[in-house]
Amino acid sequence: MNEEREKQRDLDSRYMRMAMIWAENSYCIRRKVGALIVKDKMIISDGYNGTPSGFENICEDENNRTKPYVLHAEANAITKIARSNNSSDGATLYVTAAPCIECSKLIIQAGITRLVYGEKYRLDDGVKLLERAGIEVVFLDVKTDF
């Protein structure tokens with residue numbers, strides 16, 4: 001592995017560890033997911049899965065199913081960008097779990113050009129859509145690489 005790729009791998013590992021720590025902010029019980037958007041080696045946005053602003057911080061219903069209005073970490077990070085002076089064009093998104101198809105559409109529209117994710121999901125349609133869109137997709141296994 002050349003030096004530049006090693007440096008990128010080290011950076012990816014650091015940012016993924018930070019996304020894992022950020023996931024701890026989630027009030028969700030079933031699954032905690034964290035996301036960071038990085039551009040020019042600066043974190044420009046962050047997010048974790050949870051309910052919309054102003055809602056109770058309870059993600060699951062009485063049957064332990066995720067409520068339909070819970071936002072994914074990626075969606076939270078991307079919508080935060082919309083409320084700031086930053087642009088996600090050309091940025092990298094670090095997320096602790098593979099994005100779903102809906103979040104993948106947001107990632108494409110936000111101009112994010114690289115995704116690093118840490119946990120595979122039973123459905124891989126989101127990852128396949130990103131690859132189809134020409135987005136660089138990197139898997140860093142949070143179960144074995146950390």
Side-chain angles (χ1 to χ4, degrees), residues 1-2 4-53 55 57-61 63-83 86-146:
M1 191 184 287
N2 71 26
E4 194 171 311
R5 283 189 22 212
E6 272 186 52
K7 278 184 181 178
Q8 185 62 60
R9 174 83 177 182
D10 288 346
L11 275 175
D12 288 346
S13 294
R14 276 188 212 113
Y15 286 125
M16 184 58 73
R17 286 194 307 271
M18 292 169 76
M20 290 165 63
I21 290 167
W22 203 243
E24 295 172 16
N25 288 319
S26 174
Y27 288 91
C28 297
I29 297 166
R30 290 181 61 220
R31 187 174 212 188
K32 296 178 183 296
V33 180
L36 295 176
I37 299 176
V38 177
K39 187 173 177 179
D40 301 324
K41 296 184 183 175
M42 285 181 17
I43 297 169
I44 60 169
S45 190
D46 54 56
Y48 50 87
N49 58 324
T51 56
S53 298
F55 281 65
N57 287 320
I58 301 169
C59 299
E60 293 83 15
D61 64 18
N63 297 316
N64 200 33
R65 288 195 201 110
T66 301
K67 293 178 180 177
Y69 53 85
V70 168
L71 289 158
H72 291 184
E74 309 93 295
N76 265 326
I78 290 168
T79 55
K80 243 187 200 182
I81 288 278
R83 296 179 71 173
N86 288 316
S87 166
S88 52
D89 265 345
T92 298
L93 171 65
Y94 294 87
V95 63
T96 58
C100 69
I101 192 97
E102 293 301 319
C103 286
S104 291
K105 291 188 275 187
L106 292 175
I107 292 165
I108 293 164
Q109 290 301 96
I112 292 167
T113 55
R114 190 166 180 270
L115 169 84
V116 181
Y117 72 102
E119 191 179 313
K120 293 189 179 189
Y121 188 61
R122 63 182 168 80
L123 300 174
D124 64 352
D125 52 351
V127 169
K128 285 182 177 173
L129 183 66
L130 294 174
E131 290 171 338
R132 181 177 167 199
I135 291 171
E136 180 186 352
V137 176
V138 178
F139 173 63
L140 277 183
D141 194 338
V142 296
K143 292 181 176 131
T144 61
D145 292 345
F146 296 92

Original post:
Quick one: side chain to side chain donor-acceptor pair (under 3.5 Å) partners of Thr113, sequence neighbours excluded?
Top reply: none
Can you give me the closest heavy-atom contact between [X] and [Y], atom names plus distance?
| X | Y | value |
| --- | --- | --- |
| Ala91 | Ile112 | O-CG2, 3.3 Å |
| Ala23 | Tyr48 | CA-CB, 4.5 Å |
| Asn76 | Gly50 | ND2-N, 4.2 Å |
| Ile44 | Ser88 | CD1-CA, 4.2 Å |
| Cys59 | Val70 | O-CG2, 3.5 Å |

Checking [X] now: which residues fulfil side chain to side chain contact (heavy atoms under 4.5 Å, CB included) with it, not counting sequence neighbours?
| X | value |
| --- | --- |
| Pro52 | Phe55, Tyr69, Leu71 |
| Ile108 | Leu129, Leu130, Ala133, Ile135 |
| Ser45 | Ile37, Ala77, Lys80, Ile81 |
| Arg65 | Asp61, Asn63 |

Scan for salt bridge (Lys or Arg N to Asp or Glu O under 4.0 Å) pairs involving [range], sequence neighbours excluded, and state none if there are none.
| range | answer |
| --- | --- |
| residues 98-116 | Asp12-Arg114, Glu102-Lys105, Arg114-Glu136 |
| residues 121-131 | Asp124-Lys128 |
| residues 23-40 | Arg31-Glu119 |

Heavy-atom distance under 4.5 Å between the side chains of [X] and [Y], does that happen here?
| X | Y | answer |
| --- | --- | --- |
| His72 | Val95 | no |
| Cys28 | Glu60 | yes |
| Ile107 | Ile78 | yes |

Original post:
Who pairs with Tyr121 by ring-ring contact (aromatic ring centres under 6.0 Å, His included), at least two apart in sequence or on another chain?
Top reply: none
Original post:
Partners of Phe139 by ring-ring contact (aromatic ring centres under 6.0 Å, His included), sequence neighbours excluded?
Top reply: Tyr117
Could you measure the distance from the [atom1] atom of [X] to the [atom2] atom of [Y]? Nearest 0.5 Å is fine.
| X | Y | atom1 | atom2 | answer |
| --- | --- | --- | --- | --- |
| Tyr27 | Asn49 | OH | CG | 12.5 Å |
| Ile21 | Thr96 | CD1 | OG1 | 12.0 Å |
| Met18 | Ile43 | CE | CD1 | 3.0 Å |
| Arg9 | Leu11 | CZ | CG | 12.0 Å |

Original post:
Pairs in or reaching into residues 13-22: which pass side chain to side chain donor-acceptor pair (under 3.5 Å), with residues at least two apart or in two chains?
Top reply: Trp22-Asp46
**OP:** Can you sort out the partners of Cys103 under disulfide bond (SG atoms under 2.5 Å apart), two or more places apart, ordered by chain and number?
**Re:** none
